[in-house]
Amino acid sequence: QLHLAESGGGSVQAGESLRLSCVASGDYLSNCMGWFRQVLGKERERVAVLSTDRGPAYYADSVKGRFAISRDSAKNTLFLQMNSLKPEDTAKYYCAADIGYGGPCLDWNPKDGLDAWGQGSLVTVSS
């Protein structure tokens with residue numbers, strides 16, 4: 001069982017920064033963790049993922065150079081630092097962690113009902 005609890009969303013002006021946090025609790029250690037976002041009526045988009053064994057991080061082209069994913073293993077916490085925010089970054093952001101996925105994190109596509117998901121944090125960026 002793995003539970004994810006997110007925090008840190010909010011409303012900001014374009015160009016400002018926010019940091020999302022996701023605390024993982026439970027007795028399972030995921031290989032892949034990441035952040036995803038979804039705008040109402042659109043498909044969920046992968047923002048950034050990383051491997052918990054200190055492997056590389058992967059970013060969507062739309063956030064490269066502005067967002068940074070990181071993990072504090074001692075605190076079981078995943079972060080997403082979002083800088084230079086744009087109105088098009090407005091979405092609900094979800095933290096996810098794999099349950100039983102053994103492939104490369106670059107190819108990880110988390111599934112509802114199979115992998116662990118946070119409750120979502122709303123990020124609103126106004127121009």
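The analysis underlying the following values was restricted to heavy atoms, covering all of them including side chains, and did not include hydrogens, waters or symmetry mates.
Side chain of Arg37 to backbone of Lys92: no donor-acceptor contact under 3.5 angstrom is found. With hydrogens and angles ignored, the 3.5 Å screen pairs no side-chain donor or acceptor of Tyr59 with any backbone N or O of Ser62. A distance-only check finds a donor-acceptor pair linking the side chain of Asp27 to the backbone of Gln1 [under 3.5 Å]. Thr77 places a side-chain N or O within 3.5 Å of a backbone atom of Lys75 that can act as its donor or acceptor partner.
Between the OG atom in Ser73 and the CG atom in Leu29 there is a gap of 9.5 Å [rounded to 0.5 Å]. The line from CG of Leu106 to CG of Leu50 is 12.5 Å long, rounded to the nearest 0.5 Å. The line from CD1 of Ile69 to CG of Leu20 is 10.5 Å long, rounded to the nearest 0.5 Å.
Between Cys105 and Arg46 the shortest heavy-atom distance is O-NH1, 3.5 Å. Listed here is the closest heavy atom pair of Leu4 and Cys22: CB-SG, 3.8 Å. Of all the heavy atoms in Val39 and Ala91, the pair that sits closest is CG2-CB, 3.8 Å. Here the shortest heavy-atom pairing between Asp98 and Cys32 reads OD1-N, 2.6 Å. The heavy-atom pair separating Tyr28 from Gly100 by the smallest distance is OH-N, 2.7 Å. Minimum heavy-atom separation, Pro110 to Phe36: CG-CZ, 3.3 Å.
Both the sub-6.0 Å distance and the 45° axial angle are satisfied by Arg19 relative to the ring of Phe79.
Both Met82 and Val47 are part of a single hydrophobic cluster, where members link through side-chain heavy atoms under 4.5 Å apart.
Salt-bridge check for Asp61 with Lys64: passed, with a basic side-chain N closer than 4.0 Å to an acidic carboxylate O.
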Please report the C-alpha distance between Met33 and Arg71 in whole Å, then the side-chain angles of each, then the deciding distance to 0.1 Å, and finally whether the side-chain contact (heavy atoms from CB on, under 4.5 Å) criterion is met. CA-CA 9 Å; Met33 297 188 73; Arg71 179 174 172 265; 4.0 Å; yes
When you look at Ser17 and Asn83, which way does the side chain to side chain donor-acceptor pair (under 3.5 Å) test go after all the steps? CA-CA 4 Å; Ser17 300; Asn83 299 326; 2.9 Å; yes
Evaluate the criterion side-chain contact (heavy atoms from CB on, under 4.5 Å) for residue pair Leu2 and Ser30; output intermediate values, then yes/no. CA-CA 9 Å; Leu2 185 62; Ser30 296; 3.3 Å; yes
Apply side-chain contact (heavy atoms from CB on, under 4.5 Å) to Trp35 and Val63, showing your working. CA-CA 12 Å; Trp35 293 95; Val63 307; over 6 Å; no
Could you list the donor-acceptor pairs under 3.5 angstrom formed between side-chain atoms of residues 112-127 and any protein atom two or more places apart in sequence or on another chain?
{"from": "Asp112", "atom 1": "OD1", "to": "Arg44", "atom 2": "NH1", "distance (Å)": "3.1"}
{"from": "Asp112", "atom 1": "OD1", "to": "Arg44", "atom 2": "NH2", "distance (Å)": "3.4"}
{"from": "Asp112", "atom 1": "OD1", "to": "Trp117", "atom 2": "NE1", "distance (Å)": "3.4"}
{"from": "Asp115", "atom 1": "OD1", "to": "Ile99", "atom 2": "N", "distance (Å)": "2.8"}
{"from": "Asp115", "atom 1": "OD2", "to": "Lys111", "atom 2": "N", "distance (Å)": "2.9"}
{"from": "Gln119", "atom 1": "OE1", "to": "Glu6", "atom 2": "N", "distance (Å)": "3.2"}
{"from": "Gln119", "atom 1": "NE2", "to": "Glu6", "atom 2": "O", "distance (Å)": "3.0"}
{"from": "Ser121", "atom 1": "OG", "to": "Glu6", "atom 2": "OE1", "distance (Å)": "3.3"}
{"from": "Ser126", "atom 1": "OG", "to": "Val12", "atom 2": "O", "distance (Å)": "3.4"}
{"from": "Ser126", "atom 1": "OG", "to": "Gln13", "atom 2": "NE2", "distance (Å)": "3.3"}

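For the pairing with Leu18, the side chain to side chain contact (heavy atoms under 4.5 Å, CB included) check across Leu85, Asp89, Leu80 returns one residue only, Leu85.
Tyr93 and Phe67 have tilted rings, their planes meeting at an angle from 30° to 60° on a 0 to 90° scale.
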